[in-house]
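Below you will find the structure I want to go over with you.
Both ligands and their constituent atoms are indexed starting at 1 by order of listing.
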Amino acid sequence: MTFAPHGKHLIAGTWTGTEQTFLSEPAHGPAHAFSLGTPELVDQAARAAEEAFWTYSTTTRAARAGFLEAIADEIEARGEAITQIGTQETGLPEARLNGERGRTTGQLRLFADHIRKGDYLDRRHDAALPDRQPLPRPDLRLMQRPIGPVAVFGASNFPLAFSTAGGDTAAALAAGCPVVVKGHDAHPGTGEIVAEAILAAIVSCGMPQGVFSLVQGGTREVGQALVQHPLIKAVGFTGSLAGGRALFDLCAQRPEPIPFFGELGSVNPMFMLPQAIAARAGELGQGWAGSLAMGAGQFCTNPGIAVVIDGAGADAFAEAAREGLSQTGAQVMLTDGIAAAYAKGAARMGAQAGVRGLLTSMCDRREARPFLFKVSARDWMDNRVLGEEVFGPLGLVVVANDEEEMVQVALSFEGQLTATLHMDDADVALARRLMPVLERKAGRVLANGFPTGVEVCDAMVHGGPYPASTNFGATSVGTLSIRRFLRPVCYQNMPAALLPDDAAS
Ligand code: NAP
């Protein structure tokens with residue numbers, strides 16, 4: 001099955017074009033023309049979303065669960081075509097896109113189960129105490145309610161699972177919030193076919209058409225207009241620190257500021273403790289190389305920094321990583337821009353004081369080859385540039401003189417999505433010193449694993465202190481992510497006839 005995009009926006013059930021277009025930049029295959037997004041289209045989509053909210057927010061949890069499952073079914077029905085256009089646009093291999101499709105439909109179904117159970121409503125009831133002295137207590141009920149239309153920015157590196165029908169969209173729709181997606185220019189055709197699947201589910205489930213719109217980009221105006229639109233009540237975003245921060249600031253400057261849930265970037269440090277390094281330096285170095293190079297390093301959880309304590313084990317670890325990375329061939333990156341940013345980031349890293357190149361390569365136009373650098377802990381702590389994310393397969397070994405310096409390095413990190421301890425039983429004392437620090441720095445702390453796989457489940461946290469995310473209380477993966485699009489309302493002395501249906505059940 002071949003899919004040729006028509007290049008239009010989906011505004012509340014209607015495919016709409018504009019005169020001006022932009023061309024997609026596929027990794028391979030033909031480029032297609034896409035209608036340029038405009039603030040007017042954003043306005044139409046936001047108004048339709050607000051109108052749909054009054055109906056959609058009062059649908060039953062069972063109806064919304066059925067809708068989410070129907071979206072998953074419609075995505076599966078288009079599976080082959082989605083993989084075909086997705087591979088062309090992003091350069092990601094077929095197997096990766098098939099796997100990501102499974103993750104996307106899996107998380108839609110997970111949210112369906114989650115809202116059926118109803119725990120997410122966090123219902124609390126303090127019954128009236130009319131005879132209490134000195135004052136009676138009124139009847140008080142609390143529950144979580146949907147907030148209104150939500151803006152979602154598709155991510156470049158997960159064209160399915162973090163994009164049009166990805167985790168942010170699934171969480172918002174599950175909560176009872178209509179969604180306006182700003183399509184990512186790196187995969188507009190993939191966005192279009194997934195939007196087609198969502199529209200089919202809207203029709204088959206009888207949902208209001210304004211519950212979902214996709215506005216393609218092609219210009220920064222679209223994203224800016226979207227986060228500033230007065231009817232938009234929250235934003236879900238995955239992307240760069242610079243882009244995310246600019247949009248976050250726009251949200252804060254609005255007459256009515258709104259929450260911006262941005263997942264922005266992380267170097268995901270790994271702490272290689274001495275006994276683990278003594279026992280298996282080669283295995284750990286090889287493992288790190290595999291994790292770093294996977295998917296051309298284009299994962300927000302890519303472990304870009306390994307902190308070691310100086311010695312023969314640390315050298316063996318770095319050598320095993322170098323050897324592993326040197327066997328990795330060139331990999332196509334998601335966009336020309338990301339490839340250019342990677343080459344620039346690698347050059348910047350190599351030029352910093354005290355940084356030694358263990359593996360340096362030339363990058364072709366849209367291809368990445370791994371880089372490996374080494375620096376002393378002192379030089380690393382003196383230079384903030386060395387703690388910045390370089391998106392791609394680039395690793396930095398930070399060498400501490402002793403345990404105390406390793407703890408100082410841990411204290412120097414900014415907020416992270418993940419932090420990892422590689423340890424053996426005999427490392428427990430040092431691990432115990434590091435744990436309270438890592439807990440303050442990261443949303444997820446791992447022992448003896450690599451952070452690149454992010455399980456979609458109840459207990460996952462994919463977030464962390466800034467700049468990992470703009471909101472440390474939130475996660476963008478897992479069922480807890482629904483809380484971003486809900487707010488608690490307290491009903492005092494409310495007659496049953498006026499309470500939301502969910503309050504009673
Ligand atoms: P990006 O440049 O931040 O773009 C993400 C989305 O936000 C795009 O739709 C983009 O629209 C929009 N946007 C960005 N800045 C904007 C602004 N000032 N005003 C309005 N809209 C704006 O991220 P990306 O394209 O996905 O990747 C580029 C870089 O982001 C990578 O090199 C990497 O460093 C980082 N990244 C990080 C993660 C992560 O998980 N932390 C994931 C992917 C990428 P336009 O396309 O129109 O600019």
Return the closest protein heavy atom for atom 31 (C) of ligand 1 as residue, atom name and distance. Phe391 CD2, 3.6 Å
Nearest 0.5 Å please: distance from the CD atom of Glu76 over to the CD1 atom of Ile82. 9.5 Å
Could you tell me the residue and atom name of the protein heavy atom closest to atom 26 (O) of ligand 1, and the distance to it rounded to 0.1 Å? Ser156 OG, 2.7 Å
Between Arg78 and Glu74, does the salt bridge (charged side-chain N to carboxylate O under 4.0 Å, His left out) criterion hold? Intermediate values first, please. CA-CA 7 Å; Arg78 293 162 178 78; Glu74 294 290 350; 2.8 Å; yes
Is it true that Phe237 lies under 4.0 Å from ligand 1, counting heavy atoms only? yes
Proximal atoms of ligand 1 relative to Asp185 (non-hydrogen, under 4.0 Å): 46 (O), 47 (O)
With a 4.0 Å heavy-atom cut-off (strictly under), which part of Ala246 contacts ligand 1: side chain, backbone, both or neither? side chain
Between Ala175 and Leu486 the two heavy atoms that sit nearest each other are CB-CD2, 3.7 Å
Using heavy-atom distances only, which candidate in Gly154, Gly239, Gly217 approaches atom 37 (C) of ligand 1 most closely? Gly239
Where ligand 1 meets Leu264 - atom numbers and elements under 4.0 angstrom, heavy-atom basis: 41 (N)
For residues Thr87 and Glu94, is any side-chain donor paired with an opposing acceptor at under 3.5 Å? no
May I ask you to identify the nearest protein heavy atom to atom 10 (C) of ligand 1, giving residue, atom name and distance to one decimal place in Å? Lys182 NZ, 3.9 Å
In terms of its nearest heavy atom to atom 30 (O) of ligand 1, the top option of Gly243, Gly223, Ser240, Gly218 is Ser240
Among all the protein's non-hydrogen atoms, which is closest to atom 25 (O) of ligand 1, and how far away is it? His184 NE2, 3.0 Å
Does atom CZ of Arg254 have more than 12 heavy-atom neighbours from other groups under 6.0 Å away? yes
Does a donor on one side chain and an acceptor on the other come within less than 3.5 Å for Thr301 and Asn268? no
Look only at interatomic distance and state if Thr238 has a nitrogen or oxygen under 3.5 Å from any nitrogen or oxygen of ligand 1. no
Measure the acute angle between the ring planes of Phe373 and Phe371, then classify it against the limits of 30° and 60° as parallel, tilted or perpendicular. parallel
Distance from atom 28 (C) of ligand 1 to nearest protein heavy atom, with residue and atom: Ile338 CG1, 3.9 Å
Test log, rule side-chain contact (heavy atoms from CB on, under 4.5 Å), inputs Phe212 and Leu199: CA-CA 8 Å; Phe212 176 83; Leu199 177 58; over 6 Å; no
Below 4.0 angstrom, N of the basic side chain to O of the carboxylate: do Arg245 and Asp249 qualify? yes
So how far is it from Lys182 NZ to Thr164 OG1, rounded to the nearest 0.5 Å? 11.0 Å
If we only consider heavy atoms of Gly265, is any one of them less than 4.0 Å away from an atom in ligand 1? yes
Would you kindly say whether His9 and Ser35 are connected by a side-chain donor-acceptor distance under 3.5 Å? yes
Closest protein heavy atom (residue, atom, distance) for atom 13 (N) of ligand 1: Arg220 NE, 3.8 Å
Check ligand 1 against Phe153 and write out every atom of the ligand that is under 4.0 Å from a heavy-atom position of the residue. 7 (O)
Nearest protein heavy-atom contact for atom 39 (C) of ligand 1: which residue, which atom, what distance? Cys300 CB, 3.3 Å
Taking non-hydrogen atoms only, is Thr335 closer than 4.0 angstrom to ligand 1 via side chain, backbone, both or neither? neither
